[in-house]
Amino acid sequence: MLDIKKIIENKEFFSIGLSNRGYDVSNLDTIINFDSKRREYIKKGDKKRSERNEISKKIGLEKRKPTESETTYIKKLSEDLKSLDKNLSKINIKIREIMLEIPNIPNEQVPIGKDESSNVVKDTKGYQRNEEFIKPHWDIGPEKDILDLEAGANISGARFFVLKGKGAKLHRALMNWMMDVHTNEFGYTEIDPPYLVKKETMIGSGNLPKFKDNLYRDDETDLWLIPTAEVSLNGLHQGKIIPPNSLPLSYVAMTPSFRKEHASAGRDIRGIKRVHQFYKVEMFRFVSPETSMDYLEKMIKNARVLCERLELSSKLIQLSTGDIGFQSAITYDIEVWAPGSKEWLEVSSISNCMDFQSRRNNTRFKEKQASSTIFPHTLNGSGLALPRIWVAILENGQQEDGTIKIPEVLIPYTGFKTI
RNA sequence: GGAGGGGUGGCUGAGUGGUUGAAAGCGUCUGUCUUGAAAACAGGAGUAUCCGCAAGGGUACCGCAGGUUCGAAUCCUGUCCCCUCCGCCA
């Protein structure tokens with residue numbers, strides 16, 4: 001959520017930022033209008049309440065019954081207050097509704113553009129294999145009996161899959177290895193959060209109200225399945241004031257992610273590049289505002305190191321204003337080369353959301369005991385996303401003799417060197 | 001699922017329908033003392049919002065939402081959450 005006070009102060013700045021994203025800026029005027037009405041209701045209401053309090057207090061102090069004129073006067077005040085309060089809460093709801101649907105302002109470093117065609121490739125690392133004998137994972141997986149697409153469809157339908165034997169173990173080894181690197185080397189605290197969350201938590205992260213079509217939900221309890229651990233981790237300090245000297249808070253979680261993928265119907269239909277349920281290791285940080293850009297760099301590095309150690313070729317891409325996510329102010333993607341599928345696969349997306357999410361879920365911190373509260377900046381990034389990195393290893397590991405080589409770092413975790 | 005108990009400030013915990021935004025203790029911050037620290041002593045400190053350049057003032061908040069009343073942390077209703085016991089169960 002944006003800061004409504006700043007919008008009023010400097011509408012121009014917000015108009016530019018939002019239109020760079022392709023957002024309809026006319027809502028800003030509506031907001032400014034509603035806010036002045038809101039203030040008017042508050043002013044009037046507070047005055048009436050103050051009057052009422054004064055009279056009641058006097059009656060109490062003098063230890064007597066109220067006079068008839070006092071009673072009728074206060075009853076009149078209370079009547080007026082009722083309608084004022086009704087108007088106030090109506091306007092508050094309207095303001096909130098609009099505010100919740102306004103995306104974050106892109107950072108000034110973000111290249112301006114309508115869509116992903118304006119994204120900028122920052123660099124490409126590692127050797128990209130392209131030998132003839134390399135097969136796509138949807139062929140080599142079933143051949144080795146480690147991936148069963150039919151069984152997935154049979155159990156749950158399209159975009160579900162089953163890993164078997166060494167395939168399943170490779171998957172588990174990847175998760176464990178990544179979690180160990182994050183916690184032992186990069187200093188993240190491991191979190192195992194709920195996968196089902198309240199509506200408020202989804203609003204806090206920015207997934208609701210706008211993106212409900214992509215989310216699974218249980219009707220009876222109104223609980224929602226997380227599309228990423230970012231949602232749960234962001235909710236960790238919801239409504240709380242983080243005490244002084246606690247930042248930065250660095251968390252890492254490994255959870256399943258559930259996505260309906262309605263918007264990409266028909267895309268990436270082969271193999272397991274885009275599925276309804278997948279595991280992902282997620283990095284998440286709460287940091288003080290002036291440090292957040294430095295932490296963004298750190299998190300990119302963290303994800304990049306994993307790709308390198310997995311012996312994969314990777315590409316760092318800066319997303320343009322037209323392609324960054326709703327809650328993000330600046331985002332970098334990391335893609336790895338999959339020589340069998342013959343494409344780059346997005347395995348990480350790393351964003352600085354600034355104070356957008358902490359405003360939404362009212363997470364604050366204090367610099368010192370006596371100082372005022374501040375909204376921390378939040379950052380999130382995959383480190384890394386699972387079936388895709390599994391795919392990349394499977395496709396990149398293929399050798400001429402038909403075996404698949406496991407990256408050195410994983411061998412202690414898999415217990416085997418080849419598939 | 002059944003029975004009972006409870007939600008008060010960072011924590012523990014008082015609270016009679018009327019100067020209670022709320023005792024006390026712990027913790028915390030500032031100062032005095034000390035070479036420094038501890039201890040002791042003195043003092044300060046909730047959150048949000050509105051008006052104001054500021055000083056300052058108003059309003060709201062005792063899980064949440066309503067209601068009764070001139071006046072509600074305190075009474076009533078609903079709701080959520082937590083704890084204990086029983087039942088069921090991975």
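Lettering of chains follows the sequences in order, A, B, ..., and the numbering in each one begins at 1. Note that the structure is a prediction, hence the values are computed from the model and not measured.
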A:Ile59, nearest nucleotide to its side chain (from B:G18, B:G58, B:G71)
B:G18

Base-contact (B) and sugar-phosphate-only (S) positions in nucleotides 73-79 of chain B, heavy-atom cut-off under 4.0 Å, - elsewhere:
-------

On the nucleotide B:U59, are OP1 or OP2 found under 4.0 Å from the side-chain N or O atoms that A:Arg52 carries?
no

Using 4.0 Å as the upper bound for N to carboxylate O, is an ion pair formed by A:Asp35 and A:Arg38?
yes

Cation-pi check, A:Lys6 onto A:Phe13 ring (under 6.0 Å, within 45° of axis):
no

Would you say the rings of A:Phe286 and A:Phe365 are close, in the sense that their centroids are separated by under 6.0 Å?
no

Length of the line joining A:Lys43:NZ and B:U49:P, which is rounded to integer Å
17 Å

A:Thr67 near the nucleic acid: base, sugar-phosphate alone, or nothing, with a heavy-atom cut-off under 4.0 Å?
nothing

With respect to the phosphate group of B:U59, does any side-chain polar atom (N or O) of A:Asn53 fall under 4.0 Å of OP1 or OP2?
yes

Under a 4.0 Å N-O cut-off, is there an ion pair linking A:Lys11 with A:Asp29?
yes

A:His276 ring center within less than 6.0 Å of A:Phe258 ring center:
no

Has A:Arg49 got a side-chain N or O lying under 4.0 Å from the OP1 or OP2 atom of B:C50?
no

Between atom NZ in A:Lys198 and atom P in B:C81, what is the gap in whole Å?
8 Å

Taking the P atom of each, how far is B:G67 from B:A73, in whole Å?
15 Å

Is it true that A:Arg309 and A:Glu408 make a salt bridge, defined as a side-chain N closer than 4.0 Å to a carboxylate O?
no

Counting just side-chain N and O atoms, does A:Ser56 come under 4.0 Å of either OP1 or OP2 of B:G18?
no

Of A:Lys366 and A:Gly60, the one whose nearest nucleotide on RNA chain B sits closer to the 5' end is A:Gly60

A:Phe356 vs A:Phe375, test: ring pair (Phe, Tyr, Trp, His ring centres under 6.0 Å). Steps then yes/no.
CA-CA 9 Å; A:Phe356 189 82; A:Phe375 291 106; over 10 Å; no

Heavy atoms under 4.0 Å, any strand shown: does A:Ile55 hit a base, just sugar-phosphate, or nothing?
nothing

Which is true for A:Ile42 with a 4.0 Å heavy-atom rule: it touches a base, it touches only sugar-phosphate, or it touches nothing?
sugar-phosphate

Want to settle it: does A:Lys75 or A:Arg64 sit nearer the 5' end of RNA chain B, counting the closest nucleotide to each?
A:Arg64

